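Each residue takes its place number in the sequence, starting with 1. The basis for the numbers below is simple: all heavy atoms, side chains too, and nothing from hydrogens, waters or symmetry mates. Counting convention: from 1, in listed order, for ligands and their atoms alike. Keep in mind it's a predicted model, so treat the numbers as computed, not measured.
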Amino acid sequence: MAILVTGGLGYIGSHTVVELINNNYEVVIVDDLSHSEKFILNNIEEITGKRPIFYPFDLKRKELLNQVFEAHNIEGCINFAAFKAVGESQEKPVDYYENNLFSLINILQEFKERNISNFIFSSSCTVYGQADEMPINEETPLKTPESVYGKTKQMGEEILMDFAKAYNRKISLLRYFNPIGAHESGLIGELPIGTPANLVPYVMQTAAGIREKLNVWGNDYPTEDGTAVRDYIHITDLAKAHVAALRRLMNDGSEETVIDIFNLGTGKGASVLEVVKAFEIANNVQVPYQICERRAGDIVIAYANADKAERELNWKSETLLEDSLKTVWGWQKYLNARIKE
Ligand code: WQD
């Protein structure tokens, strides 16, 4: 019996694979290595003492995916595989719809044919757009996301809910806020591919001297210090929530359709400048920055009400912002050492 983890060598995928193995699940990874590297598999083995089964397949290739289901008794799936760069999604909408949705549908075809349940979907708080009230809970009305990336997440949720209802299956939609940090070992983290779009990887590279200075996208927002506010959740806490969500589906002995939805955040907001300051204090480094114009499509503020996950998954975020940012610096030091090898 195995759990299929698509995108399992990616940032959130690799940390979730570690937690799955730590909880004695057998893991089968399918990852096309478009946004990850093979050494992450070696490091997962170093962290856990177990090497997950790995297929370097593109999920859009039905015949390859079928081989995986033929070879393994898949009992559930955690689906991370997706392109996720908000800005790039505006320039390449067809690539994003094709990659993010065709791969999802191919997996669901296999689930349908083989009567498999227990599907966990990597969704995002972006489905709420700029919510009218804070904190954001699971009943907060959805808004059509501005970005194509966000639309693929919202469409993915719709496809999965129709799948669950039509075929009486169990699914869980996990709406992440802003994942940050790295594994405490410093062996896995957010791989910087190209220029980081997200805040924390850019802060990391600025502190490391890879980037000259951080562009702070706007300080004229209606917030305490004028910079935008987000809910930054530590990656290992987020990974543990996936194991809890999977366990809940698999332990649900009923014949009922299950559609779980959970907001996964810390419940606290932090501004851009607060993150910069916390990074500097946590790691005793400087992060030079300049204030720039707002970034198109950015919302002002988003932070979660994560009570439902605490209640129903017996899970809550435990890592403080500064502690999470310390792990980021540990990961950067590992990457520096790798380059010197
Ligand atoms: C956070 C804040 C920026 C970079 C998106 C997706 C979300 C998830 C995470 C994939 C914003 C500011 C950023 C920089 C800056 N997707 N910023 N300078 O946009 O909240 O969320 O990425 O995992 O679904 O919507 O995250 O880290 O890009 O930005 O000032 O160089 O930091 O303006 O206010 P975002 P982010």
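- Between His242 and Tyr176, the distance from one ring center to the other falls under 6.0 angstrom.
- What sits closest to atom 10 (C) of ligand 1 on the protein, heavy atoms only, is Tyr149 OH, 3.5 Å.
- Looking only at heavy atoms of the protein, atom 33 (O) of ligand 1 is closest to Asp298 OD2, 2.5 Å.
- At a heavy-atom distance under 4.0 Å, no atom of Pro179 approaches ligand 1.
- A donor-acceptor pair shorter than 3.5 Å cannot be found between the side chains of Arg169 and Asn118.
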* Carefully, step by step, assess Asn23 and Arg247 under the rule side-chain hydrogen bond (donor to acceptor under 3.5 Å, both in side chains). => CA-CA 10 Å; Asn23 284 273; Arg247 186 180 298 121; 3.2 Å; yes
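- Only side-chain heavy atoms of Leu214 come within less than 4.0 Å of ligand 1; its backbone N, CA, C and O stay farther off.
- Distance CZ/Phe111 to CD1/Ile171: 11.5 Å, rounded to 0.5 Å.
- Taking hydrophobic clusters as Ile, Leu, Val, Met, Phe, Trp and Tyr residues chained together by side-chain heavy-atom distances below 4.5 Å, Val5 does not share a cluster with Ile116.
- Considering backbone and side-chain N/O of Phe177, none are found under 3.5 Å from N/O of ligand 1.
- No hydrogens or angles considered: a donor-acceptor pair under 3.5 Å links the side chains of Gln332 and Asn336.
- Nearest protein heavy-atom contact of atom 14 (C) of ligand 1 is Trp217 NE1, 3.3 Å.
- Remark: minimum distance from atom 7 (C) of ligand 1 to any protein heavy atom is reached at Ser124 OG, 3.8 Å.
- Distances below 4.0 Å separate heavy atoms of Asn215 from the following atoms of ligand 1: 14 (C), 15 (C), 18 (N), 30 (O), 31 (O).
- The nearest non-hydrogen atom to atom 19 (O) of ligand 1, considering only Lys213, Arg175, Arg295, comes from Arg295.
- Contacts between Asn178 and ligand 1, counted as non-hydrogen atom pairs separated by less than 4.0 Å, involve the side chain only.
- The closest protein non-hydrogen atom to atom 12 (C) of ligand 1 is Val272 CG2, 3.8 Å.
- Scanning all protein heavy atoms for the shortest distance to atom 22 (O) of ligand 1 gives Asn198 ND2, 2.9 Å.
- Between Tyr202 and ligand 1, not a single N/O pair is under 3.5 Å apart.
- Using a 4.5 Å cut-off on side-chain heavy atoms (C-beta onward), Leu191 and Phe39 make contact.
- Checked against ring-ring contact (aromatic ring centres under 6.0 Å, His included), Tyr167 has the following partners two or more places apart in sequence or in another chain: Phe163.
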